[in-house]
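Read through the structure below, which is laid out as structure tokens, and then see the notes.
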Amino acid sequence: MAALIETESVKRYYASSSWLQRLLLLRANEIQAVDGVTLRIDEGEIVGLVGESGCGKTTLGWLLAGLVQPTEGAVRYRGRSLASIDTETRKKIQLLFQYPRESLNPRHNVRTILSYPIRKMGYMAHTEITARLHSLLDMVGLPAHYADRYSFQLSGGELQRVALARTLALEPEFIVCDEPTSAVDMNVKVQILKLLSDISREKGISLLFISHDLSAVRFIADRICVMYLGKVVEQAPARQLFEHPHHPYTMALLDAIADLDPESTRKASLQGQPPSPLAPPAGCRFHPRCAYQEQVGSICRQRGPHLQPLSTDHHVRCFLYPENGQNIALVQ
């Protein structure tokens with residue numbers, strides 16, 4: 001299957017905005033939001049991106065959407081640098097935001113909100129615009145009369161459906177979904193997830209689904225990437241990652257889901273807080289919180305492991321799995 005969008009060793013650093021941090025550390029440190037991530041998303045694929053707050057998920061999503069430029073590395077869309085694509089092609093890459101109420105103009109009704117991108121796609125006659133508008137509303141599960149409603153008249157789930165309709169109006173091939181279900185209740189969350197999944201399958205649209213909610217990612221994603229402090233530490237097909245996680249951080253995240261496997265004997269609970277991205281620890285970035293680092297030895301504190309294949313489609317960044325493929329410490 002052809003790659004739709006991909007990154008190659010992409011980095012995005014930000015200068016620290018705190019004068020106190022710069023003073024105490026005696027230099028202008030950089031926040032290493034994304035630090036050398038290589039990621040590929042194929043046509044029609046849904047990739048889940050998970051990790052704790054501050055791990056770099058949103059920044060990576062913005063890099064893929066072209067909202068920020070990489071400090072180093074490359075982002076390519078259909079083999080071309082994202083920075084060099086034309087305006088028409090850029091329309092094929094869209095974002096679905098976390099809080100639709102903040103991204104929808106409260107002074108405009110749904111008809112006005114959707115008509116603008118519809119016109120951008122070349123629909124000019126009133127009848128064409130109306131037909132396209134009703135088609136979009138139907139696509140996201142809203143009746144036609146919602147076209148005359150304003151954002152303050154809509155629930156959180158309805159707002160997210162309108163935001164999705166606006167995104168779909170530009171006929172995208174790739175959508176970055178940044179925590180799109182975090183502000184709705186469980187019933188609405190399931191509806192939105194199913195809607196996104198169905199639209200992706202029917203239209204062949206690729207999705208990057210960013211979330212800290214593992215149950216949501218498990219429901220929708222074909223493949224999952226786990227990030228920690230700017231780096232991808234594990235990636236695998238969704239079912240494989242949930243049933244056979246290999247990185248200690250992934251295991252700790254899954255162990256936090258109480259109903260995942262009540263009889264599991266795995267004990268990899270997270271301890272402490274993530275280090276600051278201003279001063280990540282030497283060696284493996286996860287080692288200060290890792291339940292297995294004493295078993296591996298001092299190498300975890302001396303240098304960072306590479307993301308290496310355990311199989312064709314399962315990769316992990318951990319010294320528990322040296323390059324010869326043998327597991328030296330972990331028993332699942």
Side-chain angles (χ1 to χ4, degrees), residues 2-17 29-99 102-103 163 167 170 172-180 182 196 200 205-212 217 220-235 274 276-278 280 285 304 306-307 315 317:
L4 180 68
I5 194 163
E6 56 191 334
T7 68
E8 182 179 351
S9 302
V10 73
K11 298 182 180 182
R12 176 62 190 189
Y13 294 173
Y14 296 96
S16 169
S17 60
N29 275 279
E30 292 180 310
I31 299 171
Q32 300 177 16
V34 174
D35 192 23
V37 171
T38 297
L39 176 66
R40 165 181 169 146
I41 301 176
D42 292 336
E43 294 181 9
E45 185 181 26
I46 301 177
V47 173
L49 186 61
V50 301
E52 292 171 287
S53 296
C55 72
K57 304 188 300 296
T58 293
T59 300
L60 181 57
W62 287 3
L63 284 164
L64 287 166
L67 292 184
V68 296
Q69 297 302 312
T71 305
E72 294 181 22
V75 182
R76 290 188 290 269
Y77 180 76
R78 294 196 178 278
R80 296 172 54 197
S81 169
L82 193 60
S84 67
I85 63 175
D86 55 73
T87 303
E88 288 301 310
T89 305
R90 187 168 290 276
K91 291 178 184 176
K92 300 296 183 181
I93 303 172
Q94 293 296 317
L95 267 147
L96 185 63
F97 293 101
Q98 182 174 7
Y99 299 110
E102 297 177 4
S103 63
T167 298
L170 292 168
E173 294 180 333
F174 174 61
I175 303 175
V176 176
C177 304
D178 189 4
E179 301 271 10
S182 65
L196 285 169
S200 173
I205 300 173
S206 301
L207 304 180
L208 178 69
F209 187 86
I210 301 171
S211 182
H212 64 275
V217 174
I220 195 172
D222 301 311
R223 182 162 52 92
I224 298 175
C225 294
V226 182
M227 282 192 75
Y228 184 81
L229 213 61
K231 292 184 177 291
V232 171
V233 297
E234 187 165 6
Q235 57 178 307
S276 169
L278 273 168
R285 295 187 175 185
H306 298 295
L307 190 67
H315 294 71
R317 186 186 301 274

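Taken to the nearest 0.5 Å, the OG1 atom of T38 stands 9.0 Å off from the CD atom of Q235. Taken from CG in L82 to OH in Y77, the straight-line distance is 9.5 Å, to the nearest 0.5 Å. Taken from CD1 in I31 to OH in Y14, the straight-line distance is 9.0 Å, to the nearest 0.5 Å. Remark: S200 OG to I46 CD1 distance equals 3.5 Å, nearest 0.5 Å. Note that the CD1 atom of I41 and the CG atom of D222 stand 11.0 Å from one another [nearest 0.5 Å]. Once rounded to the nearest 0.5 Å, the distance linking CG of L229 with SG of C55 reads 8.5 Å.
Under the salt bridge (charged side-chain N to carboxylate O under 4.0 Å, His left out) criterion, R78 pairs with E43, E173, sequence neighbours left out. For R76, the side chain to side chain donor-acceptor pair (under 3.5 Å) partners two or more places apart in sequence, or in a different chain, are E8. With sequence neighbours left out, the side chain to side chain donor-acceptor pair (under 3.5 Å) criterion links T89 to D86. Applying the side-chain contact (heavy atoms from CB on, under 4.5 Å) rule to T71 yields the partners R12, Y13; only residues at least two apart in sequence or on another chain are considered. Every residue was checked against the side chain to side chain donor-acceptor pair (under 3.5 Å) condition with K11, not counting sequence neighbours, and none meets it. Taking R285 as the reference, D35 meet the salt bridge (charged side-chain N to carboxylate O under 4.0 Å, His left out) condition, with sequence neighbours excluded. A search for salt bridge (charged side-chain N to carboxylate O under 4.0 Å, His left out) contacts involving K92 returns nothing, not counting sequence neighbours. Applying the side chain to side chain donor-acceptor pair (under 3.5 Å) rule to E234 yields the partners T250, H314; only residues at least two apart in sequence or on another chain are considered. For E102, the salt bridge (charged side-chain N to carboxylate O under 4.0 Å, His left out) criterion is met by no residue, not counting sequence neighbours. Scanning for side-chain contact (heavy atoms from CB on, under 4.5 Å) contacts around T167 gives Q94, L96, P172, I175, with sequence neighbours left out.
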Practice item. Determine, step by step, whether Q98 and S182 satisfy the side chain to side chain donor-acceptor pair (under 3.5 Å) criterion, reporting the C-alpha distance in whole Å, the side-chain angles of both residues, the deciding distance to 0.1 Å, and the verdict. Key: CA-CA 7 Å; Q98 182 174 7; S182 65; 2.7 Å; yes
Exercise for review: For the pair R40 and T7, evaluate side chain to side chain contact (heavy atoms under 4.5 Å, CB included) and give the outcome as yes or no after the intermediate values.
Suggested key: CA-CA 6 Å; R40 165 181 169 146; T7 68; over 6 Å; no
Review point. Checking side chain to side chain contact (heavy atoms under 4.5 Å, CB included) for the pair F209/L49: CA distance, chi angles, key distance, verdict?
Key: CA-CA 6 Å; F209 187 86; L49 186 61; over 6 Å; no
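Contact detail for A83 and R90: the closest heavy-atom pair is CA-NH2, 4.3 Å. Shortest non-hydrogen contact noted between F174 and I205 is N-CG2, 4.2 Å. The nearest pair of heavy atoms linking S206 to G44 is OG-N, 2.8 Å. The minimum heavy-atom distance between L95 and A65, with the atom names listed, is CD1-CB, 3.7 Å. Nearest heavy-atom pair across D42 and A3 is OD1-CA, 3.5 Å. A pairwise comparison of heavy atoms in L196 and P180 identifies CD1-CG, 4.3 Å as the closest pair.
Using a 4.5 Å heavy-atom threshold, the side chains of I224 and V47 count as separate. Using a 4.5 Å heavy-atom threshold, the side chains of V37 and M227 count as touching. C225 is listed as a side-chain neighbour of L39, based on a closest heavy-atom distance under 4.5 Å. With a 4.5 Å cut-off on side-chain heavy atoms, P274 and Y228 count as touching. For the pair V176/I210, a side-chain contact is recorded, criterion being any heavy-atom separation below 4.5 Å from C-beta on. Between Q32 and P280, the closest side-chain pair of non-hydrogen atoms falls below 4.5 Å. Put simply, the side chain of V10 reaches to within 4.5 Å of the side chain of V34, judged on heavy atoms.
Within the structure, side chain to side chain donor-acceptor pair (under 3.5 Å) contacts touching residues 47-61 (residues at least two apart or in different chains) are E52-Y249, E52-R289, T58-D178.
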